[in-house]
Amino acid sequence: MNMIDPFGRTISYLRVSVTDRCDFRCTYCMAEDMTFLPKKDLLSLEELDRLCTVFIEKGVRRLRLTGGEPLVRKNIMHLVRELSRHLKSGALEELTLTTNGSQLARFAGELADCGVKRINVSLDTLDPEKFHAVTRWGHLDKVMAGIDAAQAAGLKIKLNAVALKGFNDIELPEMLRWAHGRGMDLTVIETMPMGEIDLDRTDQYLPLSLLRADLERQFTLTDIPYKTGGPARYVEVAETGGRLGFITPMTHNFCESCNRVRLTCTGTLYMCLGQEDAADLRAPLRASEGNELLSSAIDEAIGRKPKGHDFIIDRRTSRPAVSRHMSVTGG
Ligand code: SAM
């Protein structure tokens with residue numbers, strides 16, 4: 001029952017944004033004054049479980065919960081626990097999540113108990129003041145406590161940092177040493193033009209080719225074939241013995257190997273992070289108790305998966321490539 005798109009790519013990875021709300025307001029992600037999806041349009045946790053289960057029956061092997069901040073969705077652990085049955089049955093290879101870490105101290109133990117093995121924690125700086133400035137609402141000490149708790153619970157952590165020119169570029173060597181010293185991989189990400197924010201993205205954008213050249217003045221980076229199912233390309237850092245990933249949606253989008261689709265908390269399926277086209281799965285989900293309508297709506301959507309995206313950030317292109325924020329589709 002594999003899902004294969006028109007370009008022969010097998011879709012085996014689902015990302016689910018369980019809420020578009022977040023307890024941070026990262027400057028490159030959201031405007032300070034955000035309008036969120038109406039609560040009445042939200043799928044219930046039971047509906048999200050049913051949708052995910054249909055995707056798993058259709059060949060999804062990896063499932064990532066994201067958002068918004070997944071751990072601020074009320075009763076989210078109920079969904080995690082329910083989904084963990086697919087790990088036990090062997091239908092799902094991996095259940096994981098991407099989090100800002102603010103609520104991890106509370107949930108790390110339970111996540112591990114549900115069979116979650118590794119998580120991504122987004123962290124753009126180790127400086128408490130800069131952290132507060134970039135997240136607008138966040139506090140670094142809470143995230144650090146979350147990271148401690150997750151490691152104590154045995155979860156493997158990969159840190160994700162969005163590379164921001166003039167903000168964290170000079171700090172990344174220190175972050176690399178710190179992350180690797182604590183046994184965590186670090187991945188850097190190019191900022192993408194998604195949704196209106198209060199800032200000019202051209203001021204923030206840092207091509208990772210430049211960052212890599214900069215890091216190579218201090219570190220020996222060797223390309224390695226390590227893969228986690230995502231779009232990162234990894235190098236090994238000789239001086240630290242750790243792994244550094246590069247996610248380069250701007251300079252090299254790797255769409256040819258895209259294996260994923262993204263579901264929002266209102267049941268909208270996006271077949272590409274960088275395109276507007278979407279399929280509504282909420283109507284077929286609610287139209288009947290059986291899953292036939294839903295399954296054919298998914299097939300129809302996969303049949304429309306585009307070849308890829310072309311994000312552009314430059315002074316002439318002032319509009320975002322897609323109107324929705326990253327928090328809607330999920331990172
Ligand atoms: N709240 C969770 C978190 O912070 O990890 C999950 C959702 S967040 C939208 C997922 C990831 O997307 C984060 O690592 C965030 O830094 C990144 N992100 C948000 N907006 C972005 C943008 N415009 N370009 C690149 N990455 C972005």
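All residue numbers refer to positions in the sequence shown, counting from 1. First listed ligand is number 1; within each ligand, the first listed atom is number 1.
Ion pairing between Glu239 and Arg177 fails under the 4.0 Å rule for side-chain N and carboxylate O. Electrostatic pairing of Asp223 and Arg212 counts as a salt bridge here, judged by a charged N lying under 4.0 Å from a carboxylate O.
Ala31 meets the side-chain contact (heavy atoms from CB on, under 4.5 Å) test with Met34, Asp198; sequence neighbours excluded. Qualifying salt bridge (charged side-chain N to carboxylate O under 4.0 Å, His left out) partners for Arg201, counting only residues two or more places apart in sequence or in other chains: none. Scored by the salt bridge (charged side-chain N to carboxylate O under 4.0 Å, His left out) test, Arg304 finds Asp277, Glu300 as partners (sequence neighbours excluded).
The aromatic rings of His139 and His132 sit parallel to each other, their planes meeting at less than 30°, with 60° as the upper class boundary.
Using a heavy-atom distance under 4.0 Å as the criterion, the protein contacts of ligand 1 are Tyr28, Cys29, Thr66, Gly67, Gly68, Glu69, Thr98, Thr99, Asn100, Ser122, Val162, Glu190, Thr191, Met192, Arg201, Met326, Gly331.
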